[in-house]
Amino acid sequence: DARVTQTPRHKVTEMGQEVTMRCQPILGHNTVFWYRQTMMQGLELLAYFRNRAPLDDSGMPKDRFSAEMPDATLATLKIQPSEPRDSAVYFCASGLEKYREPNQPQHFGDGTRLSIL
Amino acid sequence: SQQGEEDPQALSIQEGENATMNCSYKTSINNLQWYRQNSGRGLVHLILIRSNEREKHSGRLRVTLDTSKKSSSLLITASRAADTASYFCATGGIMNTGFQKLVFGTGTRLLVSP
């Protein structure tokens, strides 16, 4: 079964440090999403790429977060500098968007559990 | 906000019983999807129902959609301990910018005891 792969699975670091999370979407998928999940806020969309182009990052704190897709097999989410309030589980998901069939199912990785001390 | 709200927040049943979870949303949608999340794992897509459909089945899952009431329900029949997980509804809509977005609800935590 094809799967979305996220690394690292766990990350503990001190505030102020740079954090980079990586995602390998399912081969052939044309959309990539980054989500953040916390108990208080639930699942929040941070960024959305279609065909590697960033289409929406309105959910992302621009001053410290950045998301990129250097190629079709890699998406990255960076936090610099990190803060304790960034502690959460970060999920990457990919999907196959079709013409005139919006909102297709998304396939999630198992997430990166991030703790900022 | 288009966010779905699941009801109940938590549900505890015995194996073999049926589990029903409800989802309400606020705006027009293209489709509604249900996902399952096991502890420590990512969300897994279960079923998608389009806005022009009223009911859909997949194995032990039955989903209904009432667009007039802006609500959906997920029924799991003959539940098993392995069904223990959180279940989320997600509504799909097109924003003014043309961006397609899934908005996830707050989830129902289901516990199925042997």
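In this text, all values refer to a predicted model and were calculated from it rather than measured experimentally. Chain letters run A, B, ... following the sequence lines, proteins first, then strands; residues in each count from 1.
- Remark: B:Q33 CD to A:Q104 CD distance equals 7.5 Å, nearest 0.5 Å.
- Transitive grouping of hydrophobic side chains (ILVMFWY, heavy atoms separated by less than 4.5 Å) brings B:I76 and B:L65 into a common cluster.
- Around the CD atom of B:Q9, the shell of radius 6.0 Å holds no more than 12 heavy atoms that belong to other residues, nucleotides or ligands.
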| query | Would B:Y35 and A:Q106 satisfy side-chain contact (heavy atoms from CB on, under 4.5 Å), going step by step from the backbone distance to the final call? | reply | CA-CA 9 Å; B:Y35 289 78; A:Q106 296 180 15; 3.8 Å; yes

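- The local environment of CZ in A:R64 is crowded, with over 12 non-hydrogen atoms from other residues, nucleotides or ligands closer than 6.0 Å.
- The backbone N or O of B:R41 lies less than 3.5 Å from no partner atom in the side chain of A:D110, so there is not a single donor-acceptor pair.
- No other option in A:H107, A:R113, A:Q37 has as many heavy-atom pairs under 4.5 Å with chain B as A:Q37.
- When heavy atoms are compared at a cutoff of 4.5 Å, B:L43 approaches chain A by way of both its backbone and its side chain.
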| After noting the C-alpha distance and the side-chain angles of A:N103 and B:N30, does the key distance pass the side-chain hydrogen bond (donor to acceptor under 3.5 Å, both in side chains) rule? | CA-CA 7 Å; A:N103 307 117; B:N30 294 311; 3.0 Å; yes

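- Screening B:L102, B:L48, B:I47 for a side-chain contact (heavy atoms from CB on, under 4.5 Å) with A:P105, the sole residue that qualifies is B:L48.
- Heavy-atom neighbours of B:R54 CZ from other residues, nucleotides or ligands within 6.0 Å: above the threshold of 12.
- Within a 6.0 Å sphere centred on CZ of A:R9, other residues, nucleotides and ligands contribute more than 12 heavy atoms.
- Residues A:F108 and A:M21 fall into different hydrophobic clusters, defined by Ile, Leu, Val, Met, Phe, Trp and Tyr side chains chained together at heavy-atom separations under 4.5 Å.
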